Number of protein chains: 2
Amino acid sequence: MIKIKSTTEVTIKDIARKANVSYATVSRALNNKRGVREATRAKILELSAEMFYTPNAIARGLVKKQTLTLGLIIPDITNPFYPEVARGIEDGATEGGFSIFLCNTNWEREKEVHYLRLLAEKRVDGIILAPIDNEVEAVESSLAGKIPVVYVSNAPHRTQHSFVVIDNVLGGFLATEHLIQAGHRTIGFVGSTEDSLTIAGRLKGYHRALKKHGLPVEKKYTQLGEFKQETGYRIVRRMIAERDYPRAIFAENDLLALGILQGVKASGLSVPGDVAVVGFDDIPFAGFPEVQLTTINQPKYEMGRRAVETLLEQIGGSAGAQSVQIRQIYLKPKLVVRKSSV
Amino acid sequence: MIKIKSTTEVTIKDIARKANVSYATVSRALNNKRGVREATRAKILELSAEMFYTPNAIARGLVKKQTLTLGLIIPDITNPFYPEVARGIEDGATEGGFSIFLCNTNWEREKEVHYLRLLAEKRVDGIILAPIDNEVEAVESSLAGKIPVVYVSNAPHRTQHSFVVIDNVLGGFLATEHLIQAGHRTIGFVGSTEDSLTIAGRLKGYHRALKKHGLPVEKKYTQLGEFKQETGYRIVRRMIAERDYPRAIFAENDLLALGILQGVKASGLSVPGDVAVVGFDDIPFAGFPEVQLTTINQPKYEMGRRAVETLLEQIGGSAGAQSVQIRQIYLKPKLVVRKSSV
DNA sequence: CGATAGAATGTAAACGTTTGCAAATATGAC
DNA sequence: GTCATATTTGCAAACGTTTACATTCTATCG
């Protein structure tokens, strides 16, 4: 009686049988290990093509304790900031032979924690994390040093892990100084919320520039709201309506800046004639002919790439004996001058 | 002499040892299988928490031949069309307990094929594919019916697989009829290239609307170029310069439409006064106050969700005995009227 | 021709689970 | 207390690889 396997996948053993060798030899041949006769190797390769053999990465992962897989946790791929970062990460990962799991936390803490656990179960070799805020004790404890992590875009204060972020202080400084050099003496700051991960640095840069050029910090010209376009619109309209507004505004991010542009125009004033505006991030639409927003560019793609590179280095390092090198990288922001400021 | 495992992960066996049961029992307890005494289960759960046990999904995948993982292959997450689709897919997958691998082909054929093989090796349970064009013999053969696939956004002609796409003919029809009803008699079409996956349907809808309302199809008003903004700009500027241009234009997609908007304005004419414009896709910036492009909305998020749902159904089905149900879904496009057309 | 080094191949254990089947134990009816 | 039955547990194989070690082959040298 002949035994028929129903819909089983073709394995290394099947090849071995046809080739009249042990399956260890097949494994060696397929992985280009030395110590297998050229004739044997050729035959095995031929057979494996012929039989449509597809290596089983799961089985391999089990014994090698390496999955060649990374996790990417971001708040929301739909937010125009992240696709480029993700792209840089994917490109870098692919070059290094890694695949990536995409996880959207939707800015929810539980999801962040959930995904960390999930990725740990899937035995990813490393994680790139764009955290939703500073509260990471749950996060950091949840991975408990078992698996390498690199923060990207934002990093919690005094973390022990590597990260790749933008130099927010410098960015804020550049934006503000640009407005000063354009001749403005009253410069406002419009931000999202106090616990935003980016506000502190950008505000600090703003203050620093004012101080350097001997301008006063006017409390009334620093206004916060939420992280959305509407906030910018609302704040600037109110200021203008109250007839006490700065002639230039540095916004914490491009979305707020866009709201400001609209608010100024809706109030019957012009940009940059009556109010100059500078944003932060340089998300894609900032450069559109209809928008032309002066802003601080974040090298998003590069940020992603550097993050994977750092992570892969970490992974490679943790395999060897030498201790892992922590890297905390601040990328340089660049001022991009468009029509909204000059 | 005591044997010390160095940095081995804690496994089901370790728990079994501490709990004084066989590891089969631990497995059953952790998976909430019936047939384990409540006291035993409680003890095991407690121990596993205490020891920071993390189930190994790789090992599980090997025996269950199920990874709870899907592959998502798209051209470029950086293209504003895809993030929403991807988000819909991720949300749906997560709800179903699946994770997704993100793969960007960068519009390159070899990468598409490469990723298909890779995903097969990783033993994903299914694949969602936004193909770069119609040439899919390589693709379809490469997976050879081994693993369920659902096309999203675009599907090759006469494929045997399931897909979720937009009804391009209807979309083209709606766009064109809208312009006709706004009173226009000369309506042009600006498209990308002939082998674009979407052009045929949209052009057909355009023709259909013209015919229905008794308008002639003027060859000279149908112009093609490439899939980028500049094309729209260039084409419309030339037409206007030659003093022979339609009073309304339906563009194959929003990027072209945006170029057209700019071209019209750069020529000293106004939108929609001199030339009305309708796009297709409704990518995020189309709705911005500065743009206000009338366009045909594709339900991108829903498209993603329907695609995963279809895929998961397929996966579930292929496990059971009943034959798999192929679904070929055309989503309804919606006209979104903004300032560029009325 | 025999010894020997090196290359090629084979053997078997290991990776961490799940699961069919057998064994043991508990439960209940009489 | 005995038996029958149901529940709980254990045993061992299986999933498809990689790899340390043992064995066999081949070629080279004296």
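Quantities reported herein were computed from a predicted structural model and do not represent experimental measurements. In what follows, chains are A, B, ... by sequence order, proteins preceding strands, each numbered from 1.
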Atom-pair distance ([atom1] on [X]; [atom2] on [N]), nearest Å:
X       : N      : atom1 : atom2 : answer
B:Ile12 : D:dA14 : CD1   : P     : 19 Å
B:Glu38 : C:dA26 : CD    : P     : 17 Å
A:Arg28 : C:dA12 : CZ    : C1'   : 12 Å
A:Leu62 : D:dT18 : CG    : C1'   : 10 Å
B:Lys13 : D:dG10 : NZ    : P     : 14 Å
B:Arg17 : D:dG10 : CZ    : C1'   : 16 Å
B:Ile58 : C:dG16 : CD1   : P     : 12 Å
A:Lys64 : C:dG16 : NZ    : P     : 16 Å

Options [options], nucleotide nearest the side-chain atoms of [X]:
X       : options                : result
B:Thr11 : C:dG16, D:dT17, C:dT9  : C:dG16
B:Glu9  : C:dG16, D:dT17, D:dC11 : C:dG16
B:Ser22 : D:dA13, D:dG10, D:dT17 : D:dG10
A:Ala24 : C:dT19, C:dT18, C:dA12 : C:dA12

Side-chain N,O ([X]) to OP1/OP2 ([N]) below 4.0 Å:
X       : N      : value
B:Tyr23 : D:dA13 : no
A:Arg37 : C:dA8  : no
A:Ser27 : D:dT17 : no
A:Lys33 : D:dT19 : yes
A:Asn31 : D:dT18 : yes
A:Lys65 : D:dT18 : no
A:Thr40 : C:dT9  : yes

Distance (rounded to the nearest 0.5 Å) between B:Asn104 CG and B:Leu102 CG: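 Interatomic distance, B:Asn104 CG to B:Leu102 CG, rounded to 0.5 Å: 5.0 Å.
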Check for a donor-acceptor pair, side chain of [X] on one end and backbone N or O of [Y] on the other, with a separation under 3.5 Å.
X       : Y       : answer
A:Asp91 : A:Gly88 : no
B:Lys18 : B:Ser48 : no
B:Asp76 : B:Thr78 : yes

Residue mapping more 5' on DNA chain D - nearest nucleotide basis, B:Gly35 or B:Ala59: B:Gly35
5' priority, DNA chain D, between B:Val63 and B:Val21 [closest heavy atom]: B:Val21
Salt bridge (charged side-chain N to carboxylate O under 4.0 Å, His left out) between B:Glu46 and B:Lys43, intermediate numbers included: CA-CA 5 Å; B:Glu46 187 187 354; B:Lys43 186 170 175 191; over 6 Å; no
Quiz item: A:Arg123 side-chain donor-acceptor pair to C:dG16 base, under 3.5 Å: no
Sugar-phosphate, base or nothing in reach of A:Arg34, heavy atoms under 4.0 Å: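 Result for A:Arg34 = nothing.
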Plane angle bin for A:Phe101 and B:Phe101 - parallel if under 30°, tilted between 30 and 60°, otherwise perpendicular: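 Rings of B:Phe101 and A:Phe101: parallel, under 30°.
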